[in-house]
Amino acid sequence: MEASNVLGLVALACGLIVGLGAIGASIGIALMGGKFLESSARQPELMNDLQTKMFILAGLIDAAFLIGVAIALLFAFANPFVVAGA
């Protein structure tokens, strides 16, 4: 494959990694926030424990998205798919 063709496909892949990761993380955090509100409305005495667990899970969900962004940046700037001599 040509180097320009590979760079174009890598740019498309980076966009898909970041875009789908952002959609997945936002849906996950939204579902978790909704379930937190439901559970804290049912049992208000557990709100502090549930809130702590919710923030830990939100950080883990966001960390998974940021790992995807880091991989996309790796592919964008230090592309391992382009042959140096070509």
Side-chain angles (χ1 to χ4, degrees):
M1 291 180 102
E2 287 184 19
S4 63
N5 192 14
V6 171
L7 289 176
L9 291 175
V10 167
L12 183 64
C14 291
L16 284 173
I17 289 171
V18 173
L20 293 176
I23 290 171
S26 62
I27 289 173
I29 290 177
L31 289 174
M32 184 187 56
K35 296 296 180 180
F36 167 71
L37 289 176
E38 288 177 13
S39 61
S40 63
R42 288 182 187 209
Q43 293 182 339
E45 66 273 4
L46 293 178
M47 189 182 308
N48 291 331
D49 294 335
L50 292 172
Q51 187 176 17
T52 303
K53 292 175 185 175
M54 185 196 70
F55 282 133
I56 290 171
L57 287 174
L60 290 173
I61 291 170
D62 197 37
F65 166 65
L66 290 177
I67 289 170
V69 169
I71 291 171
L73 287 173
L74 170 73
F75 288 159
F77 292 111
N79 194 349
F81 300 113
V82 174
V83 179

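Computed from a predicted model, the values in this text were never measured in an experiment. What you see below is based on every heavy atom in this structure, not just the backbone, and it leaves out hydrogens, waters and symmetry mates.
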**Item:** Contacts of I71 that satisfy side-chain contact (heavy atoms from CB on, under 4.5 Å) - sequence neighbours left out
**Value:** I67, F75
**Request:** State which residues pass side-chain contact (heavy atoms from CB on, under 4.5 Å) with I23; sequence neighbours excluded, sorted by chain then number.
**Result:** I27
**Complete:** Using a 4.5 Å side-chain heavy-atom cut-off and chaining through intermediate ILVMFWY residues, the residues clustered with L66 come out as V18, F65, V69, L73, F77
**Message:** Here's a test for you: under side-chain contact (heavy atoms from CB on, under 4.5 Å), which of N5, V6, L7 qualifies with L9?
**Reply:** N5
Side chains of residues 42-61: which donor-acceptor pairs under 3.5 Å do they make with residues two or more places apart or in other chains?
| from | atom 1 | to | atom 2 | distance (Å) |
| --- | --- | --- | --- | --- |
| T52 | OG1 | N48 | O | 3.0 |

**Prompt:** For the residue pair A72 and C14, what are the closest heavy atoms and their distance?
**Reply:** O-SG, 3.2 Å
